[in-house]
Amino acid sequence: MSSDFESFPVEDLRELIRYHEHKYYVENQPQISDYEFDQLMVKLGQLEAAESQSPPVDSPTQRIGGPVVENSRGTRIQHHGPMLSLENTYDPEILRSFDQRVRQALPGQEITYIGELKIDGLGVALFYQNGYLSYGATRGNGQFGEDVTVNLRTIKSIPLRLKAVTSEPMPDQIEVRGEVFMPKAALDLVNQQRDANEEPPFVNPRNAAAGSLRLLDPGITAQRPLDIFLYHLSFGIDLQTHQQSLDEIQKFGFKLNPYNEIHTTIDSVIDYYHRLCQIRHTLDYEVDGIVVKVNDLTQQRVLGTTAKFPRWAICCKFPASQVTTRIERIEVQVGRMGILTPVAHLQPVEVGGATITHATLHNEQELIRKDIRIGDQVILKRSGDVIPKITQVLPDKRDGTEQIFRLPDLCPDCQSPIQRSENETAVRCVNTECPAQRKRRISHFTSRSALEIEGLGEQIVDQLVEADLVKTVADLYQLQMGDLLGLEKFAEKKAGNLLQAIENSKTVALPRVLFGLGIQHVGQTVAISLCENLLSMDAIMEATTERLQEINGIGEKIANSLVGFFSRSENRNLISRLREAGLQLAAIEASTTSSSDRHNFFVDKTFVLTGVLTTMTRAEATQQIEDLGGKVTGHISRKTDFLVVGESPGSKQKRALELEVEVLAEADFQRLILR
Ligand code: IVH
């Protein structure tokens, strides 16, 4: 590619880099690889170094340590009109009162609203003089903010120079306002680093953004992955509607939130609130609600402001996704591999719309590292569409009654001595007869990713094991109506449904059965690959470690685990019993139909992956799709057939909705590859 730009005048190269910065940081649609982009930057650095005069302030090389007009960081800056805050409610029905108030003040007029997400970060104002970023400031007390220009310049989605709108003259001065934020994944990384440096973690994204923007060294700010969404044109151009200002802001090269929406009724605004509340956990930045704004700027002026709030806008918050609660006690759970996990029983709290009573504490090391004690106040956070996590202990809130907790020396379920090995964080119960392990092995077998037996969740599995009706998964297939009717809360209908679901599970494809056995290191992808290569349970059982390692993706660890598992007579016996019960243990017949369905399904289909997949890596998912005849691309377009979304998928999901591309949740995608 070097020949493309080597002969460029230096300003053309700057323009090319600005173009790619905008594509990457503002539009989220990179046109070249990171490597190619870095090469352009290197080249520009060289060309600028060879020039006699210093580079212009808006050169992409001047984001960090560029010529600061005056070293004014920390000084106060007066805003162009006060930066107000917003009236808050948690109740979407209050939006109706807001609507009535607006309509009463504007009798007979048509009202249009714009719904926006309320981004959880730090509000800033950016001032451009003759098209160049002149300064940027925090909100401060609303009248005066703190000058943080040098740090704001490091945010790549902030243009150092406005993009020229060809049909219009460049305005002399404009001020725009927006929210600087740190994406969730970046916040986790920054907190991990802070933890390693024994610095306290940022409690929330707002603190992270504020802390990073107010650093004295812009070189460090530049390493913090900050971003910005603009939501207000506060000075410089007279327009009729807020929507027009947003369009204008976008034309100048700023980043807008993709979820802004126009509404003509308050019902539609309330619907917007509920829709966004549902998807907010999938976004890769924190939001704490929606902001509803009257669209017409003349109407906004008529409505006016109170001392603190505009009367033309309101914020309706989502239920908190981060709360403080107390650990009431710690219980030890035994997993299917015998691993002991401490689980916190919490004072029940609502987080992100769900009442939470438990949270895993992972392992003993984690307890020690974070110094988590019974009775501690903790911060509980729901960030992905996942189980909430304890992110922080609040030692300042201790009153001295808190108790240190350590894992026991005996298994809490079967009382056999537990094993602590030097090189493993895990503490295990090694008694394979342990009833707790049995229960979890059976639950794994019946789970959605394995045999998918509806109505056979953990509680019922516990009931069946405790009543001695089921010891191994093969016993499930011997259950009779009479056995179930003897159990508490089992009437004929429930028992019948369960027996039918168990019967139906006999036809699932071999990879699900293999995965359901819960062999250590044999996840879904490995199970599929084993079945595709060896074609039957018998062949997998008889395969030597050498033969297994010939299969792509199977190394020594997995091979040893498989051979070890199938060398035990109780496991071979289990397979015979499953076969006798009528389970399908050959891949060939079982898959002649399903495999070709699968084949037909994936062939020539284009997939895009986004977000963090929890059950496999992206490389594994890509491999699966390609093995089945599909294609994986990096960018979503009308030609994309499916978008597979993991946690925190970002803007691609919104794009998929716009382009009517079908969205597959990770679990649905898994089901397709396991068909
Ligand atoms: S509008 C007068 N829109 O929330 C209008 N603010 O509590 C005030 N914020 O200081 C701002 N997302 O920092 C507006 N889409 C959005 C917003 C937003 C986040 C912040 C902003 C403001 C605070 C008000």
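What you see is a predicted model, and the numbers here were worked out from it, not measured in a lab. Counting convention: from 1, in listed order, for ligands and their atoms alike.
- Across the listed options Val124, Ile119, Ile114, Leu117, Ile119 owns the non-hydrogen atom lying nearest to atom 19 (C) of ligand 1.
- The atoms of ligand 1 that sit less than 4.0 Å from any heavy atom of Arg139 are 10 (O).
- Between Gln243 and Asp247, the side chains place a donor N or O and an acceptor N or O closer than 3.5 Å (distance only, hydrogens not considered).
- Annotation: side chain of Gln143 is not in contact with side chain of Arg76 (no heavy-atom distance under 4.5 Å).
- At a cut-off of 3.5 Å, with distance as the only test, no side-chain donor of Thr265 or Asp267 sits close to an acceptor on the other residue.
- For Phe669 and Phe642, the distance between ring centers is not under 6.0 angstrom.
- Using a 4.0 Å cut-off to heavy atoms of Gly123, the atoms of ligand 1 that qualify are 13 (O).
- Using cut-offs of 30° and 60° for the angle between ring planes, the Phe229 and Tyr285 rings count as perpendicular.
- Here atom 5 (C) of ligand 1 lies nearest to Trp312 when heavy atoms of Trp312, Phe229, Tyr231 are compared.
- Across His232, Glu179, Met83, heavy-atom proximity to atom 13 (O) of ligand 1 is greatest for Glu179.
- At a heavy-atom cutoff of 4.0 Å, ligand 1 is contacted by both the backbone and the side chain of Leu86.
- Nearest protein neighbour of atom 15 (N) of ligand 1, counting heavy atoms only, is Glu116 OE1, 2.9 Å.
- Among protein heavy atoms, the minimum distance from atom 8 (C) of ligand 1 is reached at Leu84 O, 3.7 Å.
- Lys118 CE, 3.0 Å is the protein heavy atom nearest to atom 4 (O) of ligand 1.
- Nearest residue to atom 3 (N) of ligand 1 from Gln300, His242, Lys308, Lys293 is Lys293 (criterion: closest heavy atom).
- No donor-acceptor pair closer than 3.5 Å links the side chain of Thr357 to the backbone N or O of Leu346.
- Remark: distances from the non-hydrogen atoms of Pro310 to ligand 1 include one below 4.0 Å.
- Centroid-to-centroid, the aromatic rings of Tyr272 and His263 come within less than 6.0 Å.
- Using modelled atom types, one side-chain atom of Tyr128 and one backbone atom of Pro159 make a donor-acceptor pair closer than 3.5 Å.
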